[in-house]
Structure formats: C-alpha cells, structure tokens
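Below is one structure; the comments refer to it alone.
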Amino acid sequence: MENPFPYSAAEGGKRYHTWDYHLKEKFGGKVFKVSLDGGFSCPNIDGTRGVGGCTYCSYAHRQVTPAALLTQFEEVKAVLHKKWPGAAGYIPYFQANTSTYAPLGELKEKYELMLVQPGVVGLSIATRADALPDDVVDYLAELNKRTYLIVELGLQTIHDETAARINRGHSYAEFLSGYEKLVVRGIPVCVHIINGLPGESKDMMVETMAEIAKLNLHSVKIHLLHIIAGTKLADEYKAGKVIPMTMEDYVEVVCDQLELLPAEVIIQRITGDGLKDELLAPRWSLRKFVVMNAIDGELVKRRSYQGIYSHWITGTK
C-alpha cells in the first residue's frame with residue numbers, strides 16, 4: 001500500500017515524522033542522541049515547588065563534575081557505537097532531573113564542555129517550564145544562534161487534576177508561560193506527554209495531544225507510564241490504586257493522537273521499553289519493537305497517518 005505521508009522514506013517509511021528521518025534529512029547521516037546526567041536537582045524535589053518529585057520519578061540527584069560528565073559522554077557513545085557501528089554525529093542530551101536548574105555559571109560550564117567535543121552537532125536540554133529564569137532563557141537564545149538546540153519541556157498532561165495527583169508541581173497555565181518564554185525567543189521546543197497516567201481516560205489523553213497540537217512545536221515525545229520499583233507510583237500500584245494501560249489501548253490512543261498532530265512536528269519518541277530489572281508494569285512495554293510495529297500496523301489498517309485530522313485543531317486545510 002502506498003504511503004501517503006510526506007515526511008517518510010520512499011519505500012517502507014513510517015506514517016509519522018520520525019526523529020531518525022529528521023536527523024538524516026538535516027545532517028545527512030546518522031546522529032546519536034547521547035543521554036547524560038548533568039548532576040542537576042529539581043524544584044519539585046528540593047522544596048522550591050514541591051517535595052519528593054513526581055510520583056513516577058525514580059531519578060536520584062547526584063553531584064557530577066565536568067570531568068565525570070565527559071566520562072559519561074564517552075561511555076554512552078561507546079555503547080551506541082556497538083549497536084550502530086560507523087561514523088556518526090552527536091547531540092549531548094542533558095536528560096536527568098531538571099537540566100536548567102542550576103546557577104547560570106554551572107550551566108554554561110557543562111553545556112559548553114559538551115559543545116566543543118568532536119562530532120557534536122547540537123544540544124538537547126530537558127527541563128520544566130517553571131525552571132526557566134530570564135538569565136537562563138537569554139543564554140539559551142544565544143546558544144540557539146550557534147548550534148542546533150532543542151529544549152525539552154515535560155508537560156505530561158494538560159489536566160490539572162491529574163497533575164496534582166502525580167505531584168507534578170505546576171499547572172498547565174504555568175507550563176504555557178514557560179513555553180512562551182522560549183518560543184518568543186525562537187528556541188525550538190519538544191514537549192513530553194505521558195499516556196496512562198492515573199485516573200485518565202483515553203479521551204483525556206487525546207485531549208492533551210489536541211491542545212499541544214495548537215502550539216508551535218518542534219517535536220513531541222509520547223511516553224507510556226512506566227511503574228518503576230521504589231517510586232511512590234509503585235506503592236499505589238501494589239495497593240491496587242493504579243491500573244496500567246494495555247498494549248491495545250496504548251496503540252489506539254497513540255494513533256488517535258498522531259492523527260491530530262501536524263505532520264511537520266517531529267516524533268522523537270513513540271514508546272519506551274524501560275529497565276527490565278526495575279519495571280513493575282506494564283511488562284509488555286519491554287517488547288518495544290512489537291509495540292512500534294503494532295502502531296505502524298494500526299495506521300495502515302486505518303489508512304491513516306500523522307496529521308490527517310490536524311485541520312480539526314489548527315483550522316487549516
């Protein structure tokens with residue numbers, strides 16, 4: 001069956017705008033995103049906005065020196081090259097906790113160290129919308145002029161009642177305020193959402209995508225809620241207060257979400273497989289490629305693709 005989706009390889013391409021496709025189009029070859037722990041804390045952990053973090057969060061804060069950060073970078077690169085041998089570019093990804101939550105001098109020291117490493121073509125920074133002080137945003141705007149920069153904002157849901165239940169620590173309105181600080185400066189934004197949060201119906205999950213589809217986004221990450229050992233969410237799960245999504249429901253929701261998202265928005269992640277030894281549920285998510293193939297199959301079955309109904313949201317044809 002012919003693939004009608006424009007942002008796709010000619011033969012056997014996906015029906016959504018993959019991160020891999022985008023990077024190959026932009027840089028002309030393989031680019032690795034190298035995940036790093038920069039040693040940053042979080043305002044939802046240290047008491048600034050909340051205590052204990054989001055209920056699903058398993059990240060622990062640890063001190064990371066610039067030298068240790070460089071060691072991490074080399075170690076993660078080596079693992080990636082074992083899986084995908086050959087030449088590649090690199091995007092250091094400050095992933096753990098809130099990676100703008102530090103004095104500006106510390107941020108500059110760690111970001112700039114990564115930018116001068118051989119083969120680095122850009123920088124990705126994961127943070128929260130309530131951790132973007134003006135001096136940091138000014139610096140990010142300057143960085144954006146000299147490298148390929150993406151700021152990744154964890155939203156998870158537009159529903160404030162869910163955000164309160166998972167101890168998110170900010171509202172959707174506060175998220176929008178932080179998002180606006182970035183986009184008015186021309187900084188590309190990737191938004192993270194989570195499907196399967198406690199108490200959310202499938203309609204609520206689709207509503208989250210419908211709302212962010214109205215924004216000026218560079219990319220989106222679609223996550224499945226993972227119940228990780230040692231978290232508050234794990235305690236709720238063991239007490240029968242949280243019911244994980246089935247794979248069938250997850251596939252249905254993701255396809256519904258993709259249909260509403262404009263085709264040019266890049267999908268950096270469409271599922272995740274978690275750490276086998278720490279994941280309590282849903283265990284089916286460990287079969288990452290099975291899930292991805294099921295999403296592909298459902299889109300083909302529907303004769304559908306990313307953005308087919310985006311005009312419902314954006315008002316364009």
- prompt: With under 30° as parallel and over 60° as perpendicular, where do the rings of H17 and Y21 fit, or are they tilted in between?
  reply: perpendicular
query: Relative to the ring of Y111, is the ring of Y139 parallel (under 30°), tilted (30 to 60°) or perpendicular (over 60°)?
result: parallel
query: Quick one: side-chain hydrogen bond (donor to acceptor under 3.5 Å, both in side chains) partners of K77, sequence neighbours excluded?
result: E74
task: With K110 as the cation and F94 as the aromatic partner, state whether NZ or CZ is under 6.0 Å from the six-membered ring centre and within 45° of the axis.
output: no
query: Shared ILVMFWY cluster between I91 and V79, side chains joined below 4.5 angstrom?
result: no
task: Count the heavy atoms belonging to other residues, nucleotides or ligands that lie under 6.0 Å from CG of L104, then report whether that count exceeds 12.
output: yes
message: Please verify the inter-ring angle class for Y305 with F5; under 30° counts as parallel, over 60° as perpendicular, anything in between as tilted.
response: tilted
task: Check for a donor-acceptor pair, side chain of R269 on one end and backbone N or O of H223 on the other, with a separation under 3.5 Å.
output: no
Least distance between heavy atoms, A87 atom then K30 atom: O-CB, 4.1 Å
statement: Note: L153 and L182 closest approach over all heavy atoms is CD1-CD1, 3.9 Å
query: So, for Q156 and G154, which heavy atoms are closest and what is the spacing to 0.1 Å?
result: NE2-CA, 3.6 Å
field: Within 6.0 Å of NZ in K288, more than 12 heavy atoms from elsewhere
entry: yes
message: Please say yes or no: joined through hydrophobic side-chain contacts below 4.5 Å, possibly via intermediate residues, are L261 and I266 part of one cluster?
response: no
- line: In terms of heavy-atom contacts, P282 and L279 come closest through O-CD2, 3.6 Å
- request: Provide the full list of ring pair (Phe, Tyr, Trp, His ring centres under 6.0 Å) pairs with a residue in residues 257-282, sequence neighbours left out, each pair given once.
  value: none
message: Side chains of D20 and T18 only: does a donor on one sit below 3.5 Å from an acceptor on the other?
response: no
Please tabulate, for side-chain N and O atoms in residues 119-126, each donor-acceptor pair with protein atoms closer than 3.5 Å (sequence neighbours left out).
residue: S124; atom: OG; partner: E152; partner atom: OE2; Å: 2.6

